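So that the names make sense, note that chain A is the first sequence line, chain B the second, and so on, each numbered from 1. Not measured: the values here are computed from a predicted model.
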Amino acid sequence: MTTNKNKALSKKVTKVSVSVFRYVIVFGISFYIVYPLILKFLYMFMAKQDIYDITVVMVPRHFSLDNLKVVIEEMNYFTSLLNTLVFSFFIALLQTFFCFAVGYGFARFEFPLKKFWFAMVMLTLLIPPQVIIAPLYMKFRYFDLLGFLSAFLPHRGVNLIGTPFPFILSSVTCVGLRNGLFIFIIRQFFRGVPKEFEEAANIDGAGFASTYFRIMLPNARSLAVTVTLFAFVWQYTDIFYTSWYMPNANLLSVKLNSLAINLQSRMMAANVATVDSAYTNLINSTGSLLVILPILLIYFVLQRQFTESIERSGIVG
Amino acid sequence: MKHLKIKSRRAAAGYVFISPFIAGFLFIFLYALITSVMFSCSDILISDNGYTLKFAGIKYFKDILLVHPTYNRSLVNSLKNTLVNVPLVIMFSFFMAVMLNQKFKGRSFVRMLFFTPVILSTGILQKMDNFSALQGGLSGASVETSISGFTGIFDLGSILLSLNIAPKVVLYITSGVESIYQIINLSGIQMLVFLMALQSISPSLYEASAIEGATAWENMWKITFPMVSPYILTNVVYTVIDSFTSYNNPVMEEIQTVSKGSSLNYSYLTSMSLVYFLLIALLLIVVSVILSKAVFYNDNK
């Protein structure tokens, strides 16, 4: 009798201590994730004089909207935001659409050299973009369709730098930023869809295309949302490709990258004041927050489908 | 005969589905890769009418490895960073995935929060973060310094040392704890992959082991770990690449300086990144050979 009671008690103690331990860890790590955002938020309203006051640690003593005003003006914020949202969404849709087709092809069909091509997908993921960026830049600087365009032009190739075409071309052909990862995840998902789905569709007389569009894609909706979200965010924050392909574009990442330098040169030209590193940090942190907020908002709206797709692709593994 | 026809039709359909990738691979990726190799062993003369290449042999490779003042050191440093970070990231993300896979109150909220680094520590935002960490100035602007302030209050190092743990191990652990912010930011995708892997384990395995009277600890090592092990390899590979291509990597900084403004030199740029890539490839081969011996593949699926 007592041993049974003891056992039940010890089980309960273990359960409670495990959940206490879990909450401590979860809370701690959540704190690390949220803390920089809180800091940035507080700095957004900090007046310049507070930076030099060591008694001000986090919460500003003098409330001001100057930072916000300077950054919004310097980044041309609302125009850039709109541009970035539209552009990134467009690229994300292209990448998702084409990566889905490729991932599906790898998952559901048997064809010669399949292993080889999949290894090549992995290779595109493995090779850092820095290795191939210089030739890619040259390719798009003097773009040519196998010598076809040059025949009509006085000079060699067409200059695509400064236009969205380098992004569009690499998205359509699935060699954009981390597209290999998308193909990998999508293949993983479709590999687990039961064969009966396809067979039933075949019996009903559906061809490959209609099986794909009518049966397979609607089932993968939450994964599509996830992949689009990833592609969108990575395009939104991308500075590497953007600084090569569209260095002067009105996009948030470009604006944020040059925010401090632009501000510095403008202030020096106007002889207002010198910009020190503390003030630069303040401005950069406000700029970063303004870039973060829209994607955070989108993420919170879409997060249910995001986590759902993790579960779904997990179950079918 | 009919069966064969269906088979070849399916093969053709497969090629149609993956054709975008084949086009991109051949005309964009492979082309760029080969040209990159050519750039690295040539002098490039740029004119209005495009560019011409003049073969220069291994001059640029010699230059960056023997003449360049800091490239070698950066290579070693980034290799060291990676070797330190990879085990920490893998352990952390595995641990977190196991925890997020359990049922508890507020799980969906926590999941949402935990994946925000996937979104927030990319591209320009990551670059800005590193920038403010380097600059200092604004008190507490750099998250890392203020966080090491927190851990400083609770002196983990001396507690571990008083437990007679080897100083080298203690140093590794404390530096891991202090860079937890960085680790969290690097672990997003890996956590996701592990979580997917954990959820793909069939519950019947656990049911069977529960009947046999196995403890949670045994389940962990005899079921969870082997079933997840293929994804450990995936994650290690991903982490290595991620840490090699991130902006706070010393070699990346070298490459950034070469690719800027007046010092722009494509031959330097490509030869630096090629040597760098070869180093990554070497590391990845070594790691995957070691790991693939330990990986368990569930082949009856």
Side-chain angles (χ1 to χ4, degrees), chain A residues 19 22 26 29-30 32-33 35-36 51 54 57 98 101-102 104-106 109-111 117 120-121 124 126-128 130-132 134-136 138 142 155-156 170 172-175 208 233-234 237-239 253 256-257 277-278 281-282 284-285 288 292 295 299 303 307 310-311 313-315 317, chain B residues 10-11 13-15 17-18 20-25 28-29 31-33 35-36 39 48-51 99 104 108 110-113 116-117 119-120 122-125 127-128 131-132 135 137-141 143 147 180-181 184 192 195-196 199-200 241 244-245 255 266 269-270 273-274 277:
Chain A
S19 78
R22 184 164 51 212
V26 163
I29 289 177
S30 309
Y32 275 113
I33 293 169
Y35 179 67
I51 319 170
I54 40 166
V57 178
F98 286 98
V102 174
Y104 179 73
F106 276 118
F109 295 98
E110 285 306 321
F111 46 85
W117 287 117
M120 292 304 110
V121 172
T124 60
L126 287 184
I127 290 192
Q130 285 82 3
V131 174
I132 54 167
L136 279 183
M138 289 296 203
Y142 304 103
H155 46 83
R156 195 178 144 191
S170 40
V172 165
T173 54
C174 300
V175 286
F208 298 122
V233 170
W234 284 335
T237 58
D238 169 68
I239 186 62
S253 60
L256 180 58
N257 198 24
S277 70
N281 268 341
L282 191 67
N284 271 339
S285 123
S288 306
I292 289 171
I295 38 173
Y299 174 64
Q303 62 89 16
T307 38
I310 300 168
E311 315 237 285
S313 57
I315 286 168
Chain B
R10 284 191 72 86
Y15 264 103
F17 273 107
I18 70 160
F21 172 75
I22 294 179
F25 179 76
I28 296 182
F29 186 81
Y31 162 83
L33 193 61
T35 318
S36 183
F39 275 11
D48 287 343
N49 256 331
Y51 57 90
M99 205 155 74
F104 58 93
S108 59
V110 171
R111 272 194 190 175
M112 180 184 79
L113 208 62
T116 41
I119 285 171
L120 296 186
T122 52
I124 182 72
L125 299 172
K127 199 175 168 190
M128 281 291 145
F131 181 69
S132 70
Q135 289 255 309
L138 185 54
S139 61
V143 184
I147 275 171
I180 183 85
Y181 178 67
I184 293 173
L192 204 76
L195 199 57
M196 283 181 172
Q199 284 172 343
S200 72
I241 294 164
F244 263 97
T245 50
I255 292 174
Y266 291 109
L269 183 63
T270 48
S273 21
L274 269 178
F277 167 67

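With contacts defined as side-chain heavy-atom distances shorter than 4.5 Å, the pair B/Phe29/A/Met120 does not qualify. B/Phe104 has its side chain out of reach of A/Ser19: every pair of non-hydrogen atoms, C-beta onward, lies at least 4.5 Å apart.
For B/Phe21 against A/Cys174, the heavy-atom pair with the smallest separation is CD1-O, 4.0 Å. Residues A/Ala134 and B/Thr270 approach most closely at CB-CG2, 3.8 Å, considering heavy atoms. Closest of all the heavy-atom pairs between B/Leu113 and A/Ser30 is CD2-CB, 3.3 Å. B/Ala32 approaches A/Pro135 most closely through the heavy-atom pair O-CG, 3.2 Å. The minimum heavy-atom distance between B/Pro20 and A/Phe98, with the atom names listed, is CG-CD2, 3.9 Å. Residues B/Ala13 and A/Phe208 approach most closely at CB-CD1, 3.5 Å, considering heavy atoms.
For a residue to count as touching a neighbouring chain, one of its non-hydrogen atoms must lie under 4.5 Å from one of that chain's; by this rule B/Ile184 touches chain A with the side chain only. If you measure heavy-atom distances from A/Val26 to chain B, the contacts under 4.5 Å come from both the backbone and the side chain. Proximity to chain A (any heavy atom under 4.5 Å) is restricted, for B/Ile241, to the side chain, taken from C-beta onward. For A/Tyr104, the part lying near chain B is the side chain, with the backbone staying farther off; criterion is any non-hydrogen pair under 4.5 Å. Contacts between A/Leu256 and chain B at a heavy-atom distance below 4.5 Å involve backbone atoms as well as side-chain atoms. Only the side chain of A/Trp234 comes within less than 4.5 Å of a heavy atom of chain B; its backbone N, CA, C and O stay farther away.
Put simply, of A/Ile295, A/Leu136, A/Val175, the one with the most heavy-atom pairs under 4.5 Å next to chain B is A/Val175. Counting heavy-atom pairs under 4.5 Å between each of A/Val233, A/Ile127, A/Ile132 and chain B puts A/Ile127 at the top. Of all the listed residues (A/Thr124, A/Val172, A/Ile292), the one sharing the greatest number of non-hydrogen pairs under 4.5 Å with chain B is A/Thr124.
Put simply, CG on A/Asn257 and CD1 on B/Ile124 are 4.0 Å apart, with the number rounded to the nearest 0.5 Å. In this structure, OG1 on B/Thr116 lies 5.0 Å from CD1 on A/Ile33, to the nearest 0.5 angstrom.
Using cut-offs of 30° and 60° on the angle between ring planes, the pair B/Phe17 and A/Phe109 is parallel.
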